[in-house]
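Below is one structure, written out as structure tokens; comments come after it.
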Amino acid sequence: WFHEILKERLHDTILQVVHTDKSELEEEDDDVFEEPLTWKPSLVKQRLANTFKMVPDREFDFVAVAKRMDELLEGKFKHKEIDTKQFKTLTLSISDDVRSIAKELTPERFKLIARVFMGELKNQGLTIASRFLWDPEHDSWCESRFQTTSFFVVATVYALYFE
């Protein structure tokens, strides 16, 4: 399942392939690659022409994105028990889903960062912190949380205006 998510994630991107030494990988990452040699794709960044606009045409609609993220998390996890071994693949697929939701609702020239945290509930505390260079007038973020009796999910999207 992890292979499919990785192939789907990299399907529509331009790739530059770089050889990677097998010793650089962690043990749990061995199942990602099917080839005898291990190849690591590095994504080529998309270049946009300068518009010299310091203000976006439309602001990031964090309320609409947060509402859709709530619906996504509730639809995926409501009344379901999930094994902790599935967290790795689930966070990848959910972050892709969250990013595609945000992309649909975000105006041009915003860079999106989607982060998903999943954890088991065992009477522990957790602090999640992020640090960015931030323009408080145009940059924004939204968060969605879902919790059952055994695990939690926190999905966050940051939208940074990019000129």
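The figures that follow rest on heavy atoms only: side chains count, while hydrogens, waters and symmetry mates do not.
Phe162 and Met54 are members of different hydrophobic clusters when ILVMFWY side chains are connected at heavy-atom separations under 4.5 Å. Taken together through direct or relayed side-chain contacts under 4.5 Å among Ile, Leu, Val, Met, Phe, Trp and Tyr, Ile82 and Leu126 form parts of separate hydrophobic clusters. Side-chain heavy atoms closer than 4.5 Å link hydrophobic residues (I, L, V, M, F, W, Y) into clusters, and following such links, possibly through other members, connects Val98 to Leu112. Hydrophobic clustering (side-chain heavy atoms under 4.5 Å, transitive across Ile, Leu, Val, Met, Phe, Trp, Tyr) keeps Phe117 apart from Phe146.
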Original post:
Where do Leu90 and Met118 land on the side-chain contact (heavy atoms from CB on, under 4.5 Å) test, with the steps shown first?
Top reply: CA-CA 9 Å; Leu90 282 172; Met118 290 184 77; 3.8 Å; yes
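Note that CG of Asp70 and CD of Glu143 are 10.0 Å apart. Values are rounded to the nearest 0.5 Å. Atom-to-atom distance recorded for Leu105:CG and Met69:CE is 11.0 Å, nearest 0.5 angstrom. With rounding to the nearest 0.5 Å, the separation of CD1 in Ile128 from OG1 in Thr156 is 6.5 Å. Between atom NZ of residue Lys78 and atom CG of residue Leu73 there is a gap of 13.0 Å, rounded to the nearest 0.5 Å. The structure places CG of Asp135 at 11.0 Å from OG of Ser140, a figure rounded to the nearest 0.5 Å. Here CD of Glu71 is found 9.5 Å from OG of Ser144. Values are rounded to the nearest 0.5 Å.
Classification of Lys76 and Asp97 as a salt-bridged pair holds, one side-chain N sitting under 4.0 Å from a carboxylate O.
Proximity of Val157 to Cys142: side-chain heavy atoms (C-beta onward) are separated by under 4.5 Å at one or more points. The side-chain heavy atoms of Val116 and Val154, taken from C-beta on, include no pair separated by under 4.5 Å. Annotation: side chain of Pro56 is not in contact with side chain of Glu108 (no heavy-atom distance under 4.5 Å).
Of all the heavy atoms in Leu121 and Thr148, the pair that sits closest is CD1-O, 3.1 Å. Residues Phe87 and Gly119 share a closest heavy-atom pair of CE1-C, 3.7 Å. Taking every heavy atom of both residues into account, Val65 and Ile101 meet most closely at O-CG2, 4.5 Å. Across every non-hydrogen atom of Ala114 and Ser95, the tightest pair is CB-O, 3.9 Å. Residues His138 and Tyr161 approach most closely at CB-CB, 4.1 Å, considering heavy atoms.
Residue-environment remark: CD (Glu104) exceeds the threshold of 12 foreign heavy atoms within 6.0 Å. Around atom CZ of Phe62, no more than 12 heavy atoms belonging to other residues, nucleotides or ligands sit under 6.0 Å away.
Put simply, the side chain of Gln124 gets close to the backbone of Lys122: a donor and an acceptor are under 3.5 Å apart.
Ring geometry, Tyr158 versus Trp134: the interplanar angle exceeds 60°, so the pair is classed perpendicular (tilted spans 30 to 60°).
Side chains of Glu81 and Ser150: a donor-acceptor N/O pair is present below 3.5 angstrom, by distance only. Donor-acceptor pairing under 3.5 Å is lacking for the side chains of Thr106 and Arg58.
Annotation: Phe77 is in aromatic contact with Phe151 [ring centroid separation under 6.0 Å].
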